[in-house]
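Single-structure report; data block below.
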2 protein chains.
Amino acid sequence: MYGFNAVTLDKKGRLLIPARYRDDLQLQKHNKIVITKDPQYSSLKVYASSEWEHISKKLESLQGLDPIVRNLQWTILGNAYECHLDVYGRMLLRIPTDLQIYSEIQNQKQIALVGMGNKFEIWNIKNWEMRQTGGPLSTEILDVVLPESIKSMSF
Amino acid sequence: MYGFNAVTLDKKGRLLIPARYRDDLQLQKHNKIVITKDPQYSSLKVYASSEWEHISKKLESLQGLDPIVRNLQWTILGNAYECHLDVYGRMLLRIPTDLQIYSEIQNQKQIALVGMGNKFEIWNIKNWEMRQTGGPLSTEILDVVLPESIKSMSF
DNA sequence: ACAGAATCCGGCTTACAAACCAACTCACTT
DNA sequence: AAGTGAGTTGGTTTGTAAGCCGGATTCTGT
């Protein structure tokens with residue numbers, strides 16, 4: 001499940017997950033997904049439940065004395081919410097208000113869905129476009145030195 | 001499959017790939033190809049699905065907290081689209097509008113196809129010619145220090 | 001506690017775009 | 001020169017998504 005998709009919220013605030021994403025998420029079994037904050041950018045990350053199991057277990061197992069690790073745990077685990085899809089693959093945007101504010105999508109009609117393989121991301125569409133036009137390799141300044149324990153992790 | 005080919009983009013945004021490219025991509029298994037942005041230049045890259053599997057898995061597994069890695073993931077994974085061959089085995093690619101804009105091929109009749117062995121690239125024909133003659137491109141490589149994890153990768 | 005109101009949620013419909021298919025042309029081969 | 005395969009184009013079909021509607025459920029105020 002890759003690629004960008006602009007998605008509209010209906011009047012009820014529901015978000016339809018495009019069919020090609022749905023199929024790849026293996027949502028047949030339980031229509032359950034987990035949505036949480038991106039620890040670095042103003043966006044949200046959405047995982048199929050199986051993928052979430054994997055990530056959360058790994059995060060939990062990290063030793064919690066390192067302040068960077070604690071911050072990651074707080075951000076990712078502490079802001080994770082389960083969502084369910086209806087039979088048409090619609091997700092009611094009952095994303096908690098603080099997550100909506102965090103990702104700057106409150107009251108936005110158009111939202112960007114970006115498939116990244118094992119997950120997808122939700123962006124304010126303007127922010128996503130700015131990322132795209134800002135130059136493919138433009139860097140953000142990462143002012144912390146990552147501890148070894150999370151060097152091998154991908155979220 | 002190497003070398004340059006001039007090809008036309010039809011009114012529906014479709015691009016017919018000459019048979020010799022198709023034959024060399026080893027598409028026997030799944031008639032599936034992936035088209036995505038080139039992270040460094042205003043051009044597009046087309047991979048056979050087997051090659052794509054390899055690249056995407058590797059990219060997904062990289063340290064997702066490094067901003068350069070994330071930019072690469074966004075550009076390559078977040079803009080990847082699947083295409084299929086038609087029933088007669090012809091490669092008629094529908095290029096998404098945003099990719100047409102990125103590669104500056106929108107409303108261009110003549111497009112450059114450049115075979116690069118296990119993949120091929122799609123260029124605005126003027127940009128390709130300028131590349132050949134050393135002229136300026138609208139997008140230049142950004143001077144960043146690549147993390148070790150992607151130094152050994154080829155896209 | 002009950003009635004009215006507001007919100008929630010599933011189903012249905014319609015419009016549209018993408019995938020499919022068929023027909024025609026061109027070029028190359030034998 | 002005729003036949004075959006490749007390239008081109010446009011029409012048709014089908015699947016998807018977005019809006020709409022109405023029943024259900026929860027909430028609120030009296």
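Residue numbering restarts at 1 for every chain, and letters A, B, ... go by the order of the sequence lines.
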**Item:** Which residue lies more 5' along DNA chain D, comparing Thr8(A) with Lys12(B) via nearest heavy atoms
**Value:** Lys12(B)
**Request:** Take the protein atom CG of Leu16(A) and the nucleotide atom C1' of dC20(D), then report the distance between them rounded to whole Å.
**Result:** 15 Å
**Asked** What is the distance from CG of Asp86(A) to C1' of dA24(D), rounded to the nearest Å?
**Response** 15 Å
**Request:** Report the distance from atom CD1 of Ile33(A) to atom SG of Cys83(A), rounding to the nearest 0.5 Å.
**Result:** 5.0 Å
Taking distance alone, no hydrogens or angles, what donor-acceptor pairs closer than 3.5 Å link side-chain atoms of residues 105-115 of chain B to residues at least two apart or in another chain?
none

**Phe120(A) and Tyr21(A) aromatic ring geometry - parallel, tilted or perpendicular at 30°/60° bounds** = perpendicular
**Asked** Can you check the Leu85(B) CG to dG7(D) C1' distance for me, whole Å?
**Response** 15 Å
**Asked** Which is true for Arg94(B) with a 4.0 Å heavy-atom rule: it touches a base, it touches only sugar-phosphate, or it touches nothing?
**Response** sugar-phosphate
**Quiz item: Arg14(B) side-chain donor-acceptor pair to dG7(D) base, under 3.5 Å** = no
**Asked** For the side chain of Arg90(A) and the base of dG11(C), is some donor closer than 3.5 Å to an acceptor across the two?
**Response** yes
**Request:** Tell me whether the guanidinium CZ or amine NZ of Lys37(A) lies under 6.0 angstrom from the six-membered ring centre of Tyr102(A) and within 45° of its axis.
**Result:** yes
**Message:** Please classify the nucleic acid contact of Lys11(A) as base, sugar-phosphate, or nothing, using heavy-atom distances under 4.0 Å.
**Reply:** sugar-phosphate
**Request:** Let me know the distance between CG of Asp10(A) and C1' of dT14(C), rounded to the nearest Å.
**Result:** 16 Å
**Item:** Residue-phosphate contact under 4.0 Å: Arg22(A) side-chain N/O, dA17(D) OP1/OP2
**Value:** yes
